Chemist: 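Structure in structure tokens, see below.
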Amino acid sequence: TGSGRYLTGDFVGADVVVNEITAQARAAVFLDPEVDTVFEIGGQDSKYIALEDGVVVDFEMNKVCAAGTGSFLEEQAELLGTSIQEFGRLALSARHPVDLGERCTVFMHSNLVNALQRGADRADLAAGLCYSVALNYLNRVVGRRRVGQRVLFQGGTAANPGVVAAFRQLLGREVIVPPHHEVTGAIGAALLARSASPRRSAFRGFELAERPYRLVSFTCQHCPNACEINRLELEGRVLTYGGRCERHERRQEQAGAGPDLFEERRRALHRGIDPERPGPP
């Protein structure tokens with residue numbers, strides 16, 4: 001379900017390849033049919049999903065800033081001299097959470113170090129970090145999008161009771177942490193694979209190292225990026241990967257699904273144009 005899903009799916013012969021948003025949403029509806037909002041914070045990125053009657057109607061994904069993710073919290077917990085397992089419980093014991101901001105990892109970390117040097121209480125700092133994570137998510141990922149009345153908090157960071165409490169306090173409503181929240185993406189993918197119910201699985205297995213293959217490379221000339229594309233021939237199939245966009249991977253995914261309408265439009269626009277004829281001076 002991740003960014004390498006097309007390549008990995010082609011290599012192993014996956015029966016279903018879905019994106020992370022679809023997988024997380026499917027799991028949320030399975031765990032709670034009344035859900036209308038999903039907060040998902042993992043180790044490296046964050047996602048927001050809005051649902052109506054079990055269908056995704058809006059979403060956002062933050063892959064750039066790590067300030068609201070589990071890896072960031074783990075680093076700051078180490079700075080405070082505590083484990084990530086104890087971090088949340090420490091935050092819940094705070095009396096006066098310290099305002100550490102929510103702009104980015106660099107500023108938060110700097111504010112935390114300065115507060116430590118001034119002798120701030122560790123519990124207050126832990127609680128301040130939990131608020132910073134929640135505020136960063138609400139301001140940068142959710143933004144002006146709606147937050148419904150039935151919110152599910154998914155992802156590994158939902159195991160932190162301090163972050164859960166910060167969301168509840170800021171939103172003024174219940175935020176539900178479902179069972180198996182740390183693997184909801186896998187649950188959703190499994191449910192989608194089961195509903196697809198292929199008559200015969202295309203799964204090749206994970207032991208591909210001994211199978212014959214041929215690998216060549218070429219430069220894509222479709223845009224100025226000039227990406228170096230890898231072309232892999234494996235068991236009669238041709239797999240391409242390596243570009244900054246999904247142009248070549250998308251063509252693989254849509255093979256046999258109908259004409260490429262973007263290519264048809266390009267041809268229509270250039271019909272009658274002689275590429276050898278010089279332009280006006």
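Values in this document were obtained by computation on a predicted structure and should not be read as measured data. When reading the values below, keep in mind they use all heavy atoms of this one structure, side chains included, and skip hydrogens, waters and symmetry mates.
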Chemist: Between Leu170 and Ala134, what is the shortest heavy-atom contact and its length?
Modeler: CD1-CB, 3.6 Å
Chemist: Does Ile49 share a hydrophobic cluster with Phe30, counting links as ILVMFWY side-chain heavy atoms below 4.5 Å and allowing steps through other members?
Modeler: no
Chemist: Under the salt bridge (charged side-chain N to carboxylate O under 4.0 Å, His left out) criterion, do Asp58 and Arg145 qualify, and how do the steps go?
Modeler: CA-CA 8 Å; Asp58 194 8; Arg145 295 173 176 83; 3.3 Å; yes
Chemist: Between Asp32 and Arg150 (salt bridge meaning N to carboxylate O under 4.0 Å), is one present in this structure?
Modeler: yes
Chemist: Pairs in or reaching into residues 169-191: which pass ring pair (Phe, Tyr, Trp, His ring centres under 6.0 Å), with residues at least two apart or in two chains?
Modeler: none
Chemist: Please lay out, stage by stage, how Leu51 and Val57 fare under the test side chain to side chain contact (heavy atoms under 4.5 Å, CB included).
Modeler: CA-CA 5 Å; Leu51 300 118; Val57 294; 5.8 Å; no
Chemist: Between Arg5 and Val17 (side chain of the first, backbone of the second, donor and acceptor by atom type, cut-off under 3.5 Å), is there such a pair?
Modeler: no
Chemist: Verify side chain to side chain contact (heavy atoms under 4.5 Å, CB included) between Leu269 and Arg266, making sure each step is shown before the conclusion.
Modeler: CA-CA 5 Å; Leu269 286 171; Arg266 189 192 69 79; 5.7 Å; no
Chemist: Around atom CZ of Phe153, are there more than 12 heavy atoms of other residues, nucleotides or ligands at under 6.0 Å?
Modeler: yes
Chemist: Going by heavy atoms in the side chains, are Ser217 and Arg231 under 4.5 Å from each other?
Modeler: no
Chemist: Please report the closest heavy-atom contact between Asp124 and Ala94, naming both atoms and the distance.
Modeler: OD1-CB, 3.3 Å
Chemist: With rounding to the nearest 0.5 Å, note down the distance linking CG in Asp15 to CZ in Phe203.
Modeler: 9.0 Å
Chemist: I need the full list of salt bridge (Lys or Arg N to Asp or Glu O under 4.0 Å) pairs touching residues 70-94, with sequence neighbours left out, sorted by first then second residue.
Modeler: Glu86-Arg89
Chemist: Nearest 0.5 Å, please: how far is CG in Asp45 from OG in Ser71?
Modeler: 9.5 Å
Chemist: Could you go through residues 160-168 and list every donor-acceptor pair under 3.5 Å that involves a side-chain atom there, pairing it with any protein atom two or more places apart or in another chain?
Modeler:
| from | atom 1 | to | atom 2 | distance (Å) |
| --- | --- | --- | --- | --- |
| Asn160 | OD1 | Gly162 | N | 2.9 |
| Asn160 | OD1 | Val163 | N | 3.3 |
| Arg168 | NE | Val175 | O | 3.2 |
| Arg168 | NH2 | Glu174 | OE2 | 3.3 |
| Arg168 | NH2 | Val175 | O | 2.9 |

Chemist: Val98, Tyr131: one ILVMFWY side-chain cluster at the under-4.5 Å cut-off?
Modeler: yes
Chemist: Side chain to side chain contact (heavy atoms under 4.5 Å, CB included) for Gln76 and Leu112? Distances and angles first, verdict last.
Modeler: CA-CA 8 Å; Gln76 306 317 304; Leu112 178 66; 3.3 Å; yes
Chemist: Do NZ/NE/NH1/NH2 and the carboxylate oxygens of Glu20 and Lys47 come within less than 4.0 Å?
Modeler: yes
Chemist: Show me the pairs that pass salt bridge (Lys or Arg N to Asp or Glu O under 4.0 Å) and involve residues 214-224, at least two apart or across chains.
Modeler: Arg214-Glu233
Chemist: Quick one: name the residues clustered hydrophobically with Val55, using the 4.5 Å side-chain heavy-atom rule over I, L, V, M, F, W, Y, and just say none if it's on its own.
Modeler: none
Chemist: What is the distance from atom OG of Ser46 to atom CE of Met61, rounded to the nearest 0.5 Å?
Modeler: 9.0 Å
Chemist: Tell me whether Thr184 contacts the main-chain N or O of Gln24 through its side chain, where contact means a donor paired with an acceptor under 3.5 Å.
Modeler: no
Chemist: Which atom pair, heavy atoms only, marks the closest approach of Leu31 to Pro179?
Modeler: CD1-O, 4.0 Å
Chemist: Closest heavy-atom contact between Ala189 and Ala23?
Modeler: N-CB, 4.0 Å
Chemist: Hey, does Val151 have a side-chain heavy atom less than 4.5 Å from the side chain of Ile176?
Modeler: no
Chemist: Just verifying a value: how many Å separate Leu171 CG and Leu138 CG, rounded to the nearest 0.5 Å?
Modeler: 5.5 Å
Chemist: Does Asn114 use its side chain to pair, donor to acceptor, with the backbone of Ser110 at less than 3.5 Å?
Modeler: yes
Chemist: Can you tell me how far apart CZ (Arg26) and CD1 (Ile21) are? Round to the nearest 0.5 Å.
Modeler: 16.0 Å
Chemist: As a quick check of understanding, evaluate ring pair (Phe, Tyr, Trp, His ring centres under 6.0 Å) for Phe39 and Tyr137, giving each step before the final call.
Modeler: CA-CA 9 Å; Phe39 291 172; Tyr137 178 88; 4.9 Å; yes
Chemist: With a 4.5 Å cut-off on side-chain heavy atoms, are Asp36 and Glu52 touching?
Modeler: no
Chemist: Can you get from Leu116 to Leu129 by hopping between Ile, Leu, Val, Met, Phe, Trp and Tyr side chains that sit under 4.5 Å apart?
Modeler: yes
Chemist: Answer yes or no: is there a side-chain heavy-atom contact under 4.5 Å between Arg194 and Leu191?
Modeler: yes
Chemist: Got a second to check how far Glu40's CD is from Thr157's OG1, nearest 0.5 Å?
Modeler: 8.0 Å
Chemist: Honestly curious: do Leu100 and Leu73 fall in one hydrophobic cluster under the side-chain, below-4.5 Å linking rule?
Modeler: yes
Chemist: Could you see if Val29 belongs to whatever hydrophobic cluster contains Val56? Use Ile, Leu, Val, Met, Phe, Trp, Tyr and a side-chain cutoff under 4.5 Å.
Modeler: yes
Chemist: In the hydrophobic clustering that connects Ile, Leu, Val, Met, Phe, Trp and Tyr at side-chain heavy-atom distances below 4.5 Å, which members other than Leu192 occupy its cluster, ordered by chain and number?
Modeler: Val16, Val18
Chemist: If you take all heavy atoms of Gln154 and Pro178, which pair is closest and at what distance?
Modeler: CG-CG, 4.0 Å
